[in-house]
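Below is one structure, written out as structure tokens, with a few remarks after it.
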Amino acid sequence: MGFFKDKRVLVTGGTGMIGQFLCKLLLLQDAKITVASLDSPERAPKNTDFKSVDLRSFESCLDIVKGQEIVFHLAGVKGSPKMTAERPASFFVPTLQFSLNMMEAARRAGVENYLFTSSVGVYEPSDVFREDTVWTTFPSENDRFAGWAKRMCEMQAEAYKIEYNLENISIVRPANVYGPF
């Protein structure tokens with residue numbers, strides 16, 4: 001019996017590369033998974049409950065998080081440094097909207113555990129990334145909009161810890177992600 005057995009788990013971005021893999025791992029633990037995405041339902045892993053939802057809408061976030069015990073917020077705007085340099089608002093604004101909305105909706109719904117997926121882009125360029133320096137530096141110019149959007153959402157988690165005494169929000173910062181999907 002695993003931690004996730006019979007837990008109601010929401011995976012935003014569950015049709016993406018990391019999301020599909022995470023859902024498969026959660027299914028092995030007998031979790032009850034809801035996948036929230038704007039992608040086609042065919043991209044959702046089998047044996048999950050797929051919901052097509054636009055997370056830029058706060059009302060949609062409130063609706064999708066109802067009854068969930070755990071949220072893995074993996075949803076993101078697909079892009080690259082080139083795309084964010086050419087169309088920065090198309091990356092920055094929705095990233096903030098759905099990330100801020102999801103964390104607030106989860107807080108209001110009393111979700112037990114929440115994982116926010118940030119980015120290595122929050123760090124300044126370096127051969128070695130050090131946790132204790134992230135807030136004393138700036139994201140690289142190549143990751144400026146992505147890095148600042150993710151940093152703002154990390155600040156939301158810190159603000160919730162201070163104001164609401166929430167200890168249930170975790171942050172991961174993936175780097176150099178590749179693979180199928």
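Count residues from 1 along the sequence. Heavy-atom basis, side chains included; hydrogens, waters and symmetry copies ignored.
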Handout entry: Partners passing salt bridge (charged side-chain N to carboxylate O under 4.0 Å, His left out) against E158 (at least two apart in sequence or in another chain)
Key = none
Practice task
To the nearest 0.5 Å, tell me how far K161 NZ sits from Q156 CD.
Solution key: 15.0 Å
Practice task
For A157 and I171, work out which heavy atoms get closest and say how close.
Solution key: CB-CD1, 4.1 Å
Exercise for the section: Measure across A89 and P94 and return the closest heavy-atom pair with its distance rounded to 0.1 Å. Expected result: O-CD, 3.4 Å
Handout entry: Check: I70 main-chain N/O paired with N113 side-chain donor or acceptor under 3.5 Å
Key = no
Handout entry: Student check: side-chain heavy atoms of Q97 and V93 closer than 4.5 Å
Key = yes
Exercise for the section: Go through the structure and list residues passing side-chain contact (heavy atoms from CB on, under 4.5 Å) with T137, not counting sequence neighbours. Expected result: E124, R151
Handout entry: Cluster overlap I162 with M152, hydrophobic side-chain contacts below 4.5 Å
Key = no
Problem - Distance (rounded to the nearest 0.5 Å) between T48 OG1 and Q20 CD - result: 9.0 Å
Practice task
May I ask you to decide if the ring planes of Y114 and H73 are parallel, tilted or perpendicular, using 30° and 60° as cut-offs?
Solution key: parallel
Exercise for the section: Identify, with sequence neighbours excluded, every residue that meets ring-ring contact (aromatic ring centres under 6.0 Å, His included) alongside F91. Expected result: none
Exercise for the section: Following the transitive rule for hydrophobic clusters with a side-chain heavy-atom cut-off under 4.5 Å over Ile, Leu, Val, Met, Phe, Trp and Tyr, establish whether M102 and M155 coincide in one cluster. Expected result: no
Completion exercise
Value for CD (E59) from CD1 (I64), rounded to nearest 0.5 Å, stands at 13.5 Å
Practice task
Would you confirm whether S140, through its side chain, and D143, through its main-chain N or O, come within 3.5 Å as a donor-acceptor pair?
Solution key: yes
Practice task
Go through the steps to decide whether V9 and K32 satisfy the test side chain to side chain contact (heavy atoms under 4.5 Å, CB included), and finish with yes or no.
Solution key: CA-CA 6 Å; V9 180; K32 296 175 182 171; over 6 Å; no
Problem - Validation row: F116, S170 side chains within 4.5 angstrom (heavy atoms) - result: no
Practice task
Indicate yes or no: at least one non-hydrogen side-chain atom of L27 is less than 4.5 angstrom from one of I33.
Solution key: yes
Handout entry: Heavy-atom check, side chain of R87 versus side chain of F92, under 4.5 Å
Key = no
Problem - Single-linkage hydrophobic cluster V35~L26, side-chain heavy atoms < 4.5 angstrom - result: yes
Problem - With K82 via salt bridge (charged side-chain N to carboxylate O under 4.0 Å, His left out) - residues at least two apart - result: E86
Practice task
Identify the two heavy atoms, one from P45 and one from G14, that lie closest to each other, and give their separation to 0.1 Å.
Solution key: CD-O, 3.6 Å
Completion exercise
When every non-hydrogen atom of S57 is compared with those of N101, the smallest separation belongs to C-ND2, 3.8 Å
Fill in the blank from the handout: So CG of L74 and OG1 of T12: to nearest 0.5 Å the spacing works out to 5.5 Å
Exercise for the section: Would you kindly confirm whether F98 and L100 end up in one hydrophobic cluster when ILVMFWY residues are joined by side chain heavy atoms under 4.5 Å apart? Expected result: no
Handout entry: Partners meeting side-chain contact (heavy atoms from CB on, under 4.5 Å) with L38 (sequence neighbours left out)
Key = S52, D54
Exercise for the section: Taking the side chain as every heavy atom from C-beta outward, state whether L22 and F72 have any atom pair closer than 4.5 Å. Expected result: yes
Practice task
Please identify each residue that fulfils salt bridge (charged side-chain N to carboxylate O under 4.0 Å, His left out) with E141, with sequence neighbours left out.
Solution key: R144
Practice task
State, to 0.1 Å, how close V111 and E69 come at their nearest heavy-atom pair, and which atoms those are.
Solution key: CG1-O, 3.3 Å
Fill in the blank from the handout: Note: G16 and R43 closest approach over all heavy atoms is CA-NH2, 4.2 Å
Handout entry: Student check: side-chain heavy atoms of Q29 and K5 closer than 4.5 Å
Key = no
Problem - K150 side-chain N/O to T117 backbone N/O, donor-acceptor pair under 3.5 Å - result: yes
Practice task
Would you confirm whether D30, through its side chain, and D6, through its main-chain N or O, come within 3.5 Å as a donor-acceptor pair?
Solution key: no
Problem - Partners passing salt bridge (charged side-chain N to carboxylate O under 4.0 Å, His left out) against E131 (at least two apart in sequence or in another chain) - result: R173
Practice task
Find out whether V77 and M83 are in side-chain contact, i.e. whether some heavy atom of one side chain is under 4.5 Å from a heavy atom of the other.
Solution key: yes
Practice task
Applying side-chain contact (heavy atoms from CB on, under 4.5 Å), name anything that partners V177, two or more places apart in sequence or on another chain.
Solution key: M17, I18, P174
Problem - Crowding at CG, D132 (>12 non-hydrogen neighbours, <6.0 Å) - result: yes
Exercise for the section: Apply the test side chain to side chain contact (heavy atoms under 4.5 Å, CB included) to residues L28 and F4: give CA-CA distance (whole Å), side-chain angles for both, the deciding distance (0.1 Å), then the verdict. Expected result: CA-CA 9 Å; L28 292 173; F4 293 102; over 6 Å; no
Practice task
Nearest 0.5 Å please: distance from the SG atom of C23 over to the NZ atom of K46.
Solution key: 14.0 Å
Handout entry: Where at least one partner belongs to residues 96-116, residue pairs that pass salt bridge (Lys or Arg N to Asp or Glu O under 4.0 Å), sequence neighbours excluded
Key = K7-E112, E104-R107, E104-R108
Handout entry: Shared-cluster residues of L62, by chain and number - hydrophobic side chains joined below 4.5 Å
Key = F58
Problem - Partners passing side-chain contact (heavy atoms from CB on, under 4.5 Å) against D49 (at least two apart in sequence or in another chain) - result: T34, K51
Handout entry: Connected via hydrophobic side-chain network under 4.5 Å: L10 and V53
Key = yes
Exercise for the section: Applying ring-ring contact (aromatic ring centres under 6.0 Å, His included), name anything that partners Y164, two or more places apart in sequence or on another chain. Expected result: Y160
Practice task
Would you check if the side chain of T136 reaches a backbone N or O of T133 as a donor-acceptor pair within less than 3.5 Å?
Solution key: yes
Handout entry: Close side-chain approach of L115 to V172, heavy-atom, < 4.5 Å
Key = yes
